[in-house]
Protein chains: 2
Amino acid sequence: MRIELLCTGDELVTGLTTDTNSPYLEARLFELGLKVERVVVVGDVRERIGQALREASARADVVVVSGGLGPTSDDFTAECAAEAAGVPLVEDARVLEALRERVARRGRELTPNVARMARVPRGAEVVLNPVGAAPLFFLRMGGCLLFFLPGVPREFRALVEGEVLPRVRAELEKQPGRMYRAFRLLRTVGIPESVLDTRVAPLARAHPRVVFGFRTHAPENHLKLMAEAPSQAEAEAALAAAEAASRRELGMAVYGADGDTHAEVLARLLTEAGATLALAESCTGGLIASQLTSVPGASRFLVGGAVVYTEQMKMTWAGVPAELLARHGAVSRPVAVALAEGVRAVCQTTYALSVTGVAGPTGGTPEDPVGTVYCALAAEGAPTRCERFVISGDRDTVRLFAASHALELLRERLLSVSSS
Amino acid sequence: MRIELLCTGDELVTGLTTDTNSPYLEARLFELGLKVERVVVVGDVRERIGQALREASARADVVVVSGGLGPTSDDFTAECAAEAAGVPLVEDARVLEALRERVARRGRELTPNVARMARVPRGAEVVLNPVGAAPLFFLRMGGCLLFFLPGVPREFRALVEGEVLPRVRAELEKQPGRMYRAFRLLRTVGIPESVLDTRVAPLARAHPRVVFGFRTHAPENHLKLMAEAPSQAEAEAALAAAEAASRRELGMAVYGADGDTHAEVLARLLTEAGATLALAESCTGGLIASQLTSVPGASRFLVGGAVVYTEQMKMTWAGVPAELLARHGAVSRPVAVALAEGVRAVCQTTYALSVTGVAGPTGGTPEDPVGTVYCALAAEGAPTRCERFVISGDRDTVRLFAASHALELLRERLLSVSSS
């Protein structure tokens with residue numbers, strides 16, 4: 001099956017925006033054994049979009065078009081599609097109604113430019129956009145099936161998953177003699193990519209049907225396993241064997257698979273354990289709390305989090321003794337311990353995490369350079385654990401790694417408790 | 001001058017690598033007033049690369065090709081170029097010698113696959129690569145000048161700066177009546193894209209030399225102004241006029257320009273005012289604190305932030321009266337007000353922001369459906385302000401918009417104070 005992508009938007013040809021939609025869709029298609037033949041990116045120029053549509057539809061079986069479906073004057077992909085297909089634009093009543101309801105929910109009137117989004121090429125199959133305003137539509141031009149999606153990454157990805165991939169799979173089923181693939185992403189934290197690579201290399205040789213790939217997604221590294229076989233069952237079996245071997249080799253560095261996030265896994269472990277959590281964050285400044293509360297149902301385990309940027313608040317909210325701060329300084333092992341134990345006492349939780357450090361770019365000392373971070377875990381009926389890390393990178397990097405180090409202290413504890 | 005980019009490599013069509021070379025080059029060219037007309041990405045397939053070369057060189061004045069110049073079996077861009085230009089590959093003695101010295105420095109022999117890199121299309125102008133092995137070369141096909149660069153970002157960027165841009169500038173100087181450009185990105189918050197479009201449309205008509213574009217970056221919308229004129233001075237003047245008119249029309253919805261972020265602007269305003277801030281976050285769960293503390297120097301204004309997920313912590317950390325929670329419920333105007341005033345009193349700050357709401361996906365009520373958020377701003381010597389918002393979207397969207405609504409309450413206050 002020949003697949004091409006067409007991305008439209010001035011921001012994509014002026015360096016303002018990096019196209020992340022294409023790699024996302026390409027990776028998902030590759031999991032189906034499909035390699036995109038060509039990606040074309042053009043600015044918001046009618047003739048150019050029209051020409052690219054005609055060329056791509058003449059070459060490919062499937063073309064995924066993104067961008068230019070919005071309400072603004074530089075959105076005219078639908079017009080170009082209609083022109084290229086030689087059909088008029090027609091108003092889709094269902095879309096118009098959905099748009100009217102959408103703006104009504106925001107207490108506004110349906111303006112003409114919003115209504116424009118209901119105009120689609122005649123004969124196009126239209127699907128309402130569950131996560132945005134602009135609808136997506138499918139159009140057949142000759143032997144080619146074209147998908148038209150909004151360019152907003154959040155909408156693009158949701159519609160790829162919900163609409164494009166199922167239809168592409170359906171088209172694939174019709175094809176004879178195809179290879180089947182099975183895919184697993186193992187998400188690791190705490191192992192550098194080079195170490196991951198070295199440890200996994202022997203496994204790759206032992207599992208010839210599986211391609212081992214790597215993806216760095218700071219502070220994490222991901223191991224991509226892709227099995228290919230003449231049948232889905234064989235592909236699944238080869239994948240299962242390679243995954244089991246990888247998990248044995250990497251142990252608890254593998255925190256999750258596929259769509260898991262580090263915070264989701266922590267949330268699941270805490271909820272399963274019926275445990276509660278409190279946080280005292282200095283240099284991470286609410287990052288850990290924000291990551292955990294982005295998980296639905298976080299209120300089941302998170303009692304409270306204190307962002308304690310000043311010494312006063314470390315005392316007021318986490319009960320850190322003034323003399324401890326005076327003696328050791330805010331960035332120190334004793335203060336990290338006192339923060340964790342103090343906030344756990346205040347919030348009366350099973351566990352408490354604390355982070356104090358120097359995120360930079362300034363504030364380092366010879367003993368504690370920028371990037372120095374102390375993470376502590378206080379637990380009911382167990383001694384408090386405190387670790388020191390020196391993280392290299394900019395402010396955001398230090399904060400990201402500090403947060404993931406802290407969550408790891410908790411994950412290790414929860415796993416050891418549940419296994420004991 | 002019509003410019004196109006051609007990027008080659010299987011990693012670019014399988015989602016393994018995101019093409020960062022194109023945005024880099026596009027941005028540098030845009031600074032010269034050049035907008036890339038088309039970017040084409042193809043995998044390592046001879047016919048496809050050859051076809052793309054012929055098509056691009058037929059359309060454009062300049063084509064920048066990247067990738068496929070290395071020593072491995074899937075590197076054959078030079079062959080494709082020679083074939084497309086109808087000339088043979090010839091060995092460049094100078095390149096061969098440079099390659100021999102390069103491998104010698106590493107104590108190795110010149111292998112045939114490395115030597116392959118010295119073979120370039122006859123008639124091509126060859127430049128040694130100062131930062132890598134593969135040389136770059138320039139080739140004229142008909143009226144088109146083609147640059148062939150390695151795809152490795154470090155090498156690509158060095159060669160763009162050292163070789164491509166100077167030559168493009170030289171070509172530009174030759175052109176009579178070339179146009180110059182000036183660019184500004186205005187960052188707005190609180191205006192839907194469709195409303196932004198409607199309000200800006202008349203300005204676009206009043207400023208014919210300026211192209212008005214839009215970019216949605218939830219929860220923000222950005223207005224792109226691009227001025228074009230026969231001289232840089234005229235372009236700058238046209239841009240300045242359009243920017244001034246846009247700022248007049250959009251008022252304080254414009255929070256910043258170009259590289260600014262919402263949090264940075266708030267941080268700047270607070271620091272300039274010598275003001276301090278405290279936060280009490282329920283449904284945003286530390287997101288606001290995290291955004292603000294990602295700005296270097298946040299400790300100059302942020303005293304503390306309380307993530308108060310339970311009623312108990314709303315009482316303990318922000319001094320919210322139990323009876324208030326019992327009477328109105330946690331998601332209510334009185335509690336939002338009490339949170340802001342309470343946390344301000346505890347942290348003894350100039351300002352305090354509070355957010356309480358239903359982020360979803362569950363927890364809504366008929367009166368307060370999912371997405372209902374109350375934001376309050378308490379200020380020294382001023383009545384507390386509280387606003388109710390109903391945000392549609394998933395949990396992350398509700399949290400993002402709630403955070404930006406809260407920051408807007410503070411920004412309005414800081415601007416009114418500084419202007420009064």
Side-chain angles (χ1 to χ4, degrees), chain A residues 10-11 13-20 23-24 26-27 30 35-44 48 70-74 105-106 111 113-114 131 152 154 213 279 285-287 289-290 292-294 296 298-299 302-310 313 316-317 346-347 361 395-396 399, chain B residues 10 13-20 23-27 30 35-43 48 193-194 197-198 201 213-216 218 224 279 285-287 289-290 292-294 296 298-299 302-310 313 316-317 346-347 360-362 392 394-396 399:
Chain A
D10 277 346
E11 70 281 6
V13 293
T14 52
L16 207 54
T17 304
T18 299
D19 171 28
T20 55
Y24 178 84
E26 289 161 1
F30 196 62
K35 190 187 286 186
V36 166
E37 295 203 345
R38 183 189 294 234
V39 181
V40 174
V41 183
V42 294
D44 297 313
R48 221 165 278 152
T72 63
S73 47
D74 56 6
R105 276 201 305 279
R106 293 169 164 67
T111 56
N113 53 355
V114 171
V131 289
V152 181
R154 210 180 109 265
L279 304 166
L287 180 60
S290 180
L292 290 173
T293 55
S294 74
S299 55
L302 186 70
V303 173
V307 177
V308 286
Y309 244 46
T310 61
M313 296 319 297
T316 308
W317 278 343
V346 171
C347 296
R395 183 178 177 89
D396 285 335
R399 285 157 48 89
Chain B
D10 277 347
V13 292
T14 53
L16 276 175
T17 305
T18 299
D19 170 28
T20 55
Y24 178 84
L25 177 54
E26 289 160 2
F30 197 69
K35 190 192 283 185
V36 166
E37 295 202 345
R38 183 189 293 237
V39 181
V40 174
V41 183
V42 294
R48 221 164 279 153
E193 188 181 18
S194 55
D197 183 36
T198 313
F214 304 91
R215 181 176 72 171
T216 293
K224 300 178 292 176
L279 304 165
L287 180 59
S290 179
L292 290 173
T293 55
S294 75
S299 53
L302 187 71
V303 173
V307 176
V308 286
Y309 244 45
T310 60
M313 295 321 295
T316 308
W317 278 343
V346 171
C347 296
T362 60
S392 57
D394 60 15
R395 184 178 177 91
D396 285 336
R399 286 157 47 88

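Predicted model, so just to flag it, every value in this text is computed and none were measured. Just so it is clear: chains get the letters A, B, ... in the order the sequence lines come, proteins before strands, and each one is counted from 1.
Residue B:Tyr309 touches chain A through both its backbone and its side chain, counting heavy-atom pairs closer than 4.5 Å. For A:Val114, the part lying under 4.5 angstrom from a heavy atom of chain B is the side chain only. With a threshold of 4.5 angstrom between heavy atoms, B:Ser299 approaches chain A through its backbone and through its side chain. B:Thr362 does not touch chain A: none of its heavy atoms, backbone or side chain, sits under 4.5 Å away. Residue B:Tyr24: no heavy atom, backbone or side chain, is found under 4.5 Å from chain A.
For the options B:Leu279, B:Leu25, B:Val346, heavy-atom pairs under 4.5 Å to chain A are most numerous at B:Val346. In terms of non-hydrogen atom pairs under 4.5 Å with chain B, the most contact-rich of A:Ala289, A:Gly286, A:Gly285 is A:Gly285. Counting heavy-atom pairs under 4.5 Å between each of B:Thr316, B:Asp394, B:Val308 and chain A puts B:Asp394 at the top. In terms of non-hydrogen atom pairs under 4.5 Å with chain A, the most contact-rich of B:Gly213, B:Pro23, B:Gly43 is B:Pro23. Of the listed residues A:Val40, A:Thr17, A:Thr111, the one with more heavy-atom pairs under 4.5 angstrom with chain B than any other is A:Val40. Ranked by heavy-atom pairs shorter than 4.5 Å toward chain B, the options A:Thr310, A:Leu287, A:Val303 are led by A:Val303.
Taking each heavy atom of A:Leu302 and B:Val307 in turn, the nearest pair found is CD2-CG1, 4.3 Å. Across A:Ala298 and B:Arg395, no two heavy atoms sit closer than the pair CB-NH2, 4.3 Å. Across all their heavy atoms, B:Pro296 and A:Pro361 have their closest contact at CB-CD, 3.6 Å. A:Val42 and B:Arg38 make their closest contact through CG1-CG, 4.0 Å (heavy atoms, listed as atom of the first residue, atom of the second, distance). Counting all heavy atoms, side chain and backbone alike, A:Pro71 lies closest to B:Glu193 at CD-OE1, 3.9 Å. Minimum interatomic distance between B:Ser290 and A:Ser290 (heavy atoms only, all atoms of both residues): CB-CB, 4.4 Å.
Under the 4.5 Å side-chain criterion, counting only non-hydrogen atoms from C-beta, B:Cys347 is in contact with A:Trp317. In this structure, the side chains of A:Asp19 and B:Asp19 stay at 4.5 Å or more apart for every pair of heavy atoms.
Checking side-chain atoms of A:Asn113 against main-chain N and O of B:Ser194 turns up a donor-acceptor pair under 3.5 Å.
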Quick one, B:Ser294 with A:Arg399, criterion side chain to side chain donor-acceptor pair (under 3.5 Å). Give me CA distance, side-chain angles, the key distance, then yes/no.
CA-CA 8 Å; B:Ser294 75; A:Arg399 285 157 48 89; 4.9 Å; no
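Between A:Asp10 and the choices B:Lys35, B:Arg215, B:Lys224, the side-chain hydrogen bond (donor to acceptor under 3.5 Å, both in side chains) rule is met once, by B:Lys35.
Taking a cutoff of 4.0 Å between a charged side-chain nitrogen and a carboxylate oxygen, A:Arg154 and B:Asp396 do not qualify as a salt bridge.
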